[in-house]
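Input: a single structure, listed below in structure tokens.
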Amino acid sequence: MTKLSPLEESLLNGEASVSNNNSDSRKTLRNEISTCYSNAGFFSILTFSWMSPLITLGSRKTLDHEDLPLLSTNDSAYGTFSTFKNKLELECGNVRNLTAINLAKVLFLSTWQGILLSGFFALLFTCASYVGPYLIDNLVQYLNDENKVKNDGYILAMMFVVAKLVECLSQRHWIFKFQQVGVRMQSMLVSMIYAKGLTLSSHSKEQHSSGEIINLMTVDAARIGEFCWYMHDPWMAVLQVSLALFILHRSVGVASVAAFAATVVVMLLNHPIASLQEKFQGKLMEFKDKRMKATSEIIMNMRILKLQAWEMKFLSKIIQLRKLEEVWLKKYLVGSAIVRFLFFNAPTFVAVVTFGACVLLGIPLESGKILAALATFRILQMPIYSLPDTISMIAQTKVSLDRIAAFLRLDDLQADVVEKLPRSSSDIAIKIEYGNFSWDLSSVNTTLKNINLRVSHGMRVAVCGTVGSGKSSLLTCIIGEMPKLSGTLKVCGTKAYVAQSPWIQSGKIEENILFGREMDREKYERVLEACSLNKDLEVLPFGDQTIIGEKGINLSGGQKQRVQIARALYQDADIYLLDDPFSAVDAHTGSHLFKECLLGLLKTKTVIYITHQVEFLPDADLILVMKEGRITQSGKYNDILTSGTDFMELVGAHRAALSSVKSLERRNTFKKSTITGSSSDLEVEQEVENIDDRNGKLDDTVEPKGQLVQDEEREMGIIGLKVFWTYITIAYGGALVPFIFLSQILTVVLQIASNYWMALATPVSATAEPDIGSLTLMVVYVSLAIGSSFGTLSRAILAAIAGYKTATMLFNQMHLNFIRAPMLFFDSTPSGRILNRASTDQSAIDLTIPNLAWGFTYNLVQVLGNVAVMSQAAWQVFLVLIPVMATCIWYQRYYSASARELVRLTGICQAPVIQHFSETISGSTTIRSFEQESRFNEMNMQLIDKYSQPKLYSASAMEWLSFRLDLLSITVFAFCIVFLVSFPSSIVNASIAGLAVTYGINLNAVQSNLIWFLCNLENKIISVERLLQYTSIPSEAPLVIKDNQPDHSWPSFGEVHIQDLQVQYAPHLPLVLRGLTCTFTAGAKTGIVGRTGSGKSTLVQTLFRLVEPVAGQILIDKINISLIGIHDLRSRLSIIPQDPTMFHGTVRSNLDPLEEYTDEQIWEALDMCQLGDEVRKKEGKLDSTVTENGENWSMGQRQLVCLGRVLLKKSKILVLDEATASVDTATDTIIQQTVNQHFTDCTVITIAHRITSILDSDMVLFLSEGLIEEYDSPKKLLKDKSSSLAQLVAEYTRRSNTGFGS
């Protein structure tokens, strides 16, 4: 093993991620095993004994990842990726010119030693396998000879056994070698795809959704890895056919030409079927891609779908896509059944043709020659049978290579957008001259037009403007994310970027803030303080060690934003680009962040910040006002206030909002002291007060179980027979199973009968007279052959029907179940786990498991048949057979404990690779702006290696077992042949003895097939087990309760009455709402305020029944909402949620997915929310496309689309959940005015940040720690200076009037 650098060593060890509770003994054991393969001696490698310590360990305890030996450098992604990448660049200069051929060539060059070695073993195996058939005629003649020499017999027997040994050894090493090569190829490709994903331009990203790219990693890269199984088949087929013809010529002379012709015919028949299969496979993949895209979108946006009561509509969308996929699946399965029928009958067909030719040509048939021919046909079955697989595999691999090459050819980000200079090189930090930038280079409209900007070091620049004016685009062009049409752009120094919608990695909060830097305690504490995160960390169960779920699911919107800001601050860059950092936080926190971060820690840095809040503008050294992609005004606050109109509009909207606070005197009488303690967060937490606590312990002991996202559950121990039983009996209650069994038994019995007939009905030597006429001989033989082939056909068709039905039923059950799961399930399950089941596991059930299940039973029947034939000649074989069979079963059980866990680990280690990748894709802008690509590439390689380990050892364990079982079956064969040679001729009929040997030669092949099918079935059936886990998720309340449906007009008034409401997230957690009682009057506007964790969002979630109350009730118009169906409830309420969400589709399908409204109504709604003109500009009008997550619309526009949905729905009750966070004051005013205008007689409940949006409500509800602190009209509350609301407003006015710098 080559020496690793200490860094690589630790990374490969995965020690970084392994908890430190490993005892030393385990470490030493692991290191002993780790060097096993690299340091194993010749004998140990020959017999796979280097795997024994791991398998022994696995039989004693459940294997964990830490128990696995490390990979040698040549097998790890680290060791292979850089050489692979360099070779690729050498081969085609620029990746833009890459073709599938180049890619294949470089893959070969990177792994040629393994490929050649496996080829050598394949050659040995092929030659050794023909020794038996070659010698069979000699054996029959010997046994028939009255005056034979004993020694000749023993020499013959020895030749048989040695050939068998060589065959077995070379086969095992051939298979092990190419699997090793396969793992290498897969890890090289996945690393390459990942590295490419980090550099994709936004335009390329639009063409490939993350779901499609994930398919490249999971399906295509794996397929190219699996191709190694088939790599040597084409030339082996030629060699096998040539050897077979040589032996046949010796046995049946000229008739061998007929045999050759028959073989060629069968092989040619293959081609049209294989090409059809390839077409079906391609279509199948295409529709699977579409389905996965839809599924991943649904899982990401589950909360919105449930709030809007759309989830069943979206489920039907997935079922529709699956139906299209099933059309091709059916065709594919029927094709497979025909292929099976053809190839199982190929040897019989060739035999009939050959013996028929002999009869016609008058070539005498002797049993010895016939047996040699039969044994040869048996082996010929292999190349004939594997050829269609090989052809379709070559086709599939070509498709996969094309797909990957096409992806690697995609445009990267323009490298020359930004000229990067070191900090010291100039006193200008950012300089743009005549810059024109556009997201879509082909489009006429440039996104940013004629930008001229100079920012000196240490300046604070504010950017403001209406929604869609190009503010965020300006920042992205400075980072270099946006294609440049013309102009120059220079940036001096390192940059840190805070995106508008927060990107948080799953992992610890501390890891998110450090983001790859070393821990510097003092600086870290300063940053936490500046971002006022300390309060939040105290609330979280494990402080900054709390593990955050995917997309930061267990943090509120404001907490995510502040973690993001903390990450940027900790990087200590020269230039800070902040995209609307204050939107997701409330007034207090906003001013704290501005003071502590922008005016504090960053006072010497260059900062460009976008803001919608006018109060943050006076402190800027330069203000840029943007409109329609141009900078229309720039200068100091007071200068541009007088000079132009665009800025006046923004400030005017703000002033109007402020004047609504005029009931309060403008004096600055409040001392700071009255608001201390409240500079912690008041923000709305979109995500319940720390879901973390929901399933955590609340005492101080750190219980890992308390983390929200648990490690993926894996079943332990033996796979229950229940899983097998469920699988077999799902389709038609298992009615087809006995018929499939019957057809298999029939096939094998008739095959044996036909061979028996040929052996017995023909004379042993050329001199003897045949007893039976050649016509009778052939008629009986052909009819038996036809019988057995019909058995094969019925078996293939029945198995296909049962497999298809089972796959469909499991798919529907799982999807219905997880879509109906409560929200808690989605919050605590990373999407990768659900997607993995919907793609990889479903694929296995569609295509692989039915073949494995019935292949296993068929081989079982064949083994029994072989043993029966052998015992006919020498019953003594049973003396050896019984102990050997017992040993086989013992070995299999001993091995399967380790094998099962290795496969489960493989399954579990794949999800993190996918999840890390989808996270990287969504955060690629942030990763690039911090220049952390290489660190993320390294993390990806660690995860790949973590996945390759169990995968490679799983393959090795299989060879370990197969080798030992082969030896045992060779033992049986050796005994059988020695018995036959030792008997005097009179005891045993030479023909039967020869037949026994013919079947004996084949015994180990059938037996290893049997074990292969069994082990693979055990491995793959885990997919069924994983889907079944998801068919038993507890589901939400019923969608509709027939006996208790509210009538159509409900709620007609919209009065919400809450009585003693108590809510908790899990039985062992404290109450979040601790007995609320209040009434929201019909038609009134109520504002809800309160600090983080006070229960605001929980109240809304309870209103929509995303969380069910423990006690108390909510009545809407006198109906208890807990007694009606959740669809009836959710479809009658409206909400503008915190995160504006759009789906892949059209503008129409985004506003009206249930297709309930006419185009006129939709246009009317669009005009009301001021998007009408925007949509009319687009080519497709209502049918213009919306990309994944609505990426081609700005945040503010997405928010207005959400407003449009509500306007269409016209419910009596409207909830605004902090809906104005990411919108400038002017757009905010649009939303407020629209709501006031069109929802005058509705009950509107607002959870808000902006004081102004609460002050014009009729009532204000102030929550604190799950209880009501104040509930009254704002006028009354403001009169009382000590009320919490009055203090908030005072802080806001003071801040707005004076700015911060003063």
Side-chain angles (χ1 to χ4, degrees), residues 12-15 17-19 21-40 44-45 47-72 75 172 175-176 179-180 183 711-721 723-724 886-910 945-968 1008 1011-1023 1025-1026:
L12 288 175
N13 278 333
E15 297 301 353
S17 54
V18 176
S19 52
N21 56 5
N22 291 353
S23 57
D24 291 334
S25 64
R26 176 183 273 186
K27 278 235 167 97
T28 52
L29 172 84
R30 184 172 178 182
N31 292 336
E32 270 170 32
I33 304 181
S34 71
T35 48
C36 268
Y37 178 61
S38 345
N39 299 351
S44 167
I45 286 184
T47 59
F48 293 97
S49 304
W50 57 272
M51 272 303 287
S52 300
L54 184 64
I55 290 173
T56 311
L57 184 68
S59 63
R60 287 201 220 117
K61 59 167 280 233
T62 303
L63 285 180
D64 283 322
H65 209 286
E66 291 81 76
D67 302 320
L68 300 186
L70 308 178
L71 294 170
S72 64
D75 291 327
R172 297 284 60 95
I175 293 178
F176 171 67
Q179 282 179 283
Q180 202 178 16
V183 167
D711 281 342
E712 183 163 359
E713 68 297 333
R714 56 173 183 159
E715 311 277 336
M716 298 286 187
I718 293 178
I719 294 164
L721 280 173
V723 177
F724 282 105
T887 319
C888 281
I889 291 167
W890 178 83
Y891 259 130
Q892 210 279 328
R893 302 272 46 103
Y894 181 68
Y895 145 92
S896 68
S898 309
R900 223 181 10 250
E901 296 316 320
L902 285 168
V903 170
R904 282 184 179 141
L905 283 170
T906 312
I908 288 170
C909 292
Q910 188 172 19
D945 286 344
K946 237 184 138 169
Y947 165 67
S948 301
Q949 266 174 308
K951 193 170 167 162
L952 192 63
Y953 294 123
S954 186
S956 314
M958 185 106 172
E959 296 316 306
W960 177 91
L961 175 73
S962 303
F963 174 72
R964 281 150 182 73
L965 296 183
D966 277 351
L967 283 185
L968 289 167
S1008 68
I1011 298 298
W1012 185 87
F1013 274 112
L1014 177 63
C1015 298
N1016 264 357
L1017 182 60
E1018 273 208 320
N1019 295 349
K1020 292 285 186 198
I1021 202 91
I1022 292 177
S1023 292
E1025 177 183 73
R1026 284 160 53 98

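Looking at Arg60 and Thr56, their side chains come closer than 4.5 Å, going by heavy atoms from C-beta outward. For the pair Lys61 and Asp67, the minimum side-chain heavy-atom distance is below 4.5 Å.
The minimum heavy-atom distance between Ile175 and Glu959, with the atom names listed, is CG2-OE2, 3.2 Å. Nearest approach of Leu68 to Gln949, heavy atoms of both residues: O-NE2, 3.8 Å. Across every non-hydrogen atom of Gly58 and Ala897, the tightest pair is O-CB, 3.7 Å. Minimum interatomic distance between Arg172 and Phe48 (heavy atoms only, all atoms of both residues): CB-CE1, 3.8 Å. The minimum heavy-atom distance linking Ser59 with Ser898 is given by the pair N-OG, 3.9 Å. Pairing each heavy atom of Tyr953 with each of Met51, the nearest pair is O-CE, 3.5 Å.
Here CG of Asp966 is found 9.5 Å from SG of Cys888. Values are rounded to the nearest 0.5 Å. Annotation: the span from Leu63 atom CG to Arg904 atom CZ amounts to 11.5 Å, rounded to 0.5 Å. Once rounded to the nearest 0.5 Å, the distance linking OG1 of Thr887 with CG of Leu967 reads 12.0 Å. Rounding to the nearest 0.5 Å places CD1 of Ile55 at 7.5 Å from OH of Tyr894. We find the CD-CZ distance between Glu1025 and Phe724 to be 9.5 Å, quoted to the nearest 0.5 Å.
Although no hydrogens or angles enter the test, the distance criterion places no donor-acceptor pair under 3.5 Å between the side chain of His65 and the main chain of Leu905. Side chain of Ser954 to backbone of Val903: no donor-acceptor contact under 3.5 angstrom is found.
Close placement of the Tyr891 and Trp960 rings is indicated, their centers lying within 6.0 Å of each other.
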Next on the checklist: Could you walk me through whether Ile1022 and Arg1026 satisfy the side-chain contact (heavy atoms from CB on, under 4.5 Å) test, starting with their C-alpha distance in whole Å, then the side-chain angles of each, then the deciding distance to 0.1 Å, before giving a yes or no?
Outcome noted: CA-CA 6 Å; Ile1022 292 177; Arg1026 284 160 53 98; 3.9 Å; yes

